[in-house]
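From a predicted model like this one, the values you see are computed outputs, not experimental measurements. Every chain is numbered from 1 and lettered A, B, ... according to where its sequence line falls, protein lines coming before strand lines.
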Number of protein chains: 2
Amino acid sequence: MPVNKIKKYHQIQEYIKKRIQTQKYPPDSYLPSESDFCVQFGTTRTTVRKALDELLKEGFIVKEHGRGSKVVERGKYLGLLSIKGFSGSTDYKVRTKVTVEPKIVEWDPVIGFPLSEDEKSSKCVYFQRVRYIDDQPVVLENNWYALNALEPIRSEEFVEGSFFKTLSQEYLIEIMGAEQELRSVPASRDIAEKLGITFGTPILHISIRFRTSWPNLNLYGDLYCNTTEYAIRNSYFL
Amino acid sequence: MPVNKIKKYHQIQEYIKKRIQTQKYPPDSYLPSESDFCVQFGTTRTTVRKALDELLKEGFIVKEHGRGSKVVERGKYLGLLSIKGFSGSTDYKVRTKVTVEPKIVEWDPVIGFPLSEDEKSSKCVYFQRVRYIDDQPVVLENNWYALNALEPIRSEEFVEGSFFKTLSQEYLIEIMGAEQELRSVPASRDIAEKLGITFGTPILHISIRFRTSWPNLNLYGDLYCNTTEYAIRNSYFL
DNA sequence: ATTTCCTTTTTGTACGGACAAGTTAATTAA
DNA sequence: TTAATTAACTTGTCCGTACAAAAAGGAAAT
């Protein structure tokens, strides 16, 4: 029979992760040194380093030889697609407007992924946002998630206006991965109007499923991007 | 002054990587056990495991508790965009036709990335391919790389018809990362003809720069994808 | 023939120690 | 004051050991 013993390095890893998520270890600050953690948890550097290595792989920290382990600003959405110059840049004024407040609805068949039985048995929470760059609407974003997995969150409660930051800091939910499908399609009348473009203009349609650290919680997204001015960009390394 | 000492784990890592790239350790086979490597390299499991951990992170192997370390089929292009059902699937007949043989030309200004001085000072190698799915042309692909970084390779010499496999197995060049820009654009007359679609149809335009393990070698790509039948898909995990 | 048990092999976790290498800040020498 | 040196601290590499946990295969019992 499986024993499922608790692993010491995993406990330390989760402890530090929680402190990061709740801003006890704020972004850009340095964690206590490895030997500090050794004393704190009554263990050896081998085990502490294993925990830190895991957090490094998960993207919570970066290590600097001779200096320490630094907490990184979370929520770069891994290698996800982002608008050119979006993340961490001040080239453009990016603004987000919630055009449909989170509300409970039936699942929308436009979601490009098969739902689990668990999800199908539940209603879902839906909200819509529009992303503006330099006061121009560029991305129309529809979002869904299963009501039985997570309660509705009012947009005024979003931490720094970000849904993902809210999940991390308020619910300790992390994005574990994502799958996307991309298509180039002509703009429908509805979308053309919302993005202020002419009917039929080629736009980028992206369907996303985010996998989270909660096994039964997936986030579904349906994005329409006007790429005439700003391209969508992503990058991967190592 | 920096000493740049050779690291034992790195030597072992590179040794195993080379054996994988040259098929001495073929895909799906199991590597010698960790203790075998300890004897072979006169070291301890700590060091061997560090080497294997690096190969795991680089995606060359997977580890199976109680069984061993298995060599994985390389060339999934990391998290790169791939045609839906493309990688490792037999749902569709995928065929690649080289429409322009690799030849030496001047750099094309359509490349959406700034070139380094080194690259600008050299001519470049260019070739064009068309990807077919079920005998339908779906992707038109232009490729460039600097001539002073890598010689031209004739398409008949591609290992299993794959340019990336050739780089890995014949030149020991690995893809270290990539940056992409995506746009939804109307098909030009030229591209519409080559993809067998009507002029003006929305198509997905992707500009890619691949970073390789050779510091001065970048691969540039310019792709035009007809996404009406088959979506472009990608996923990220962990 | 099938199940159960045990042994062997292999990877995973953890301990404890030693020294190397990079960073920072205080101290010393010019 | 400025530059060089030193000391203290932190992460990186590596050694050697021990036991746990998972997988595989063979032996014994049913």
- Query: Does OP1 or OP2 of C:dG17 have a side-chain N or O of A:T44 closer than 4.0 Å?
  - Reply: no

- Note on the structure: Taken to the nearest whole Å, CD/A:Q11 to P/C:dT13 is 13 Å

- Once you round it to whole Å, what is the distance between C1' of C:dT9 and CG of B:L31? 16 Å

- Message: Which nucleotide wins on minimum distance to the side chain of B:T47, given the candidates C:dT11, C:dC15, D:dC15?
- Response: D:dC15

- Which nucleotide in the list C:dT11, D:dT13, C:dA14 gets nearest to the side chain of B:Y9? D:dT13

- Exam field: side chain A:R183 to backbone B:T227, donor-acceptor pair closer than 3.5 Å: yes

- Task: Please confirm whether B:Y145 and B:Y126 have ring centers closer than 6.0 angstrom.
- Result: no

- Of A:E64 and A:K8, whose nearest nucleotide on DNA chain C comes first from the 5' end? A:K8

- Any A:T43 side-chain N or O less than 4.0 Å from OP1/OP2 of C:dA14: no

- Specify the separation, in whole Å, of atom CG of A:L56 and atom P of D:dG12. 9 Å

- Give the rounded distance in Å between these two atoms: CZ of B:F37 and P of D:dC14. 16 Å

- Note on the structure: Of C:dA14, C:dG12, D:dA23, the nucleotide closest to the side chain of B:R67 is D:dA23

- Message: Strictly below 4.0 Å: does B:K50 bring a side-chain N or O up to OP1 or OP2 of D:dC14?
- Response: no

- Pair A:Y15 + A:F41: ring centers closer than 6.0 Å: yes

- Query: Just to confirm, is there a sub-4.0 Å distance from OP1 or OP2 of D:dC9 to any side-chain nitrogen or oxygen of A:S35?
  - Reply: no

- Query: What is the nucleic acid contact for B:T46, judged by heavy atoms within less than 4.0 Å: base, sugar-phosphate only, or nothing?
  - Reply: base

- Task: Could you check how far NZ of B:K70 sits from P of D:dA23, rounded to whole Å?
- Result: 13 Å

- Query: OP1 or OP2 of D:dG12 less than 4.0 angstrom from a side-chain nitrogen or oxygen of A:R49, does that happen here?
  - Reply: yes

- OP1 or OP2 of C:dA14 less than 4.0 angstrom from a side-chain nitrogen or oxygen of A:K7, does that happen here? no

- Task: Could you tell me the separation between the CD1 atom of B:I6 and the C1' atom of C:dA20, rounded to a whole number of Å?
- Result: 13 Å

- When rounded to whole Å, the CG to P distance for the pair A:D53 and C:dT13 reads 12 Å

- Decide, yes or no, whether a salt bridge links B:K50 with B:E54 under the criterion of side-chain N to carboxylate O below 4.0 Å. yes

- Item | Nearest-angstrom distance from the residue atom NZ of A:K63 to P of C:dG22 | 16 Å

- When only distance counts, do a donor and an acceptor, one from the side chain of A:R45 and one from the base of C:dG17, lie under 3.5 Å apart? no

- Message: Checking the side chain of A:T47 only, and the main-chain atoms of A:T43 only, is there a donor and an acceptor separated by less than 3.5 Å?
- Response: no

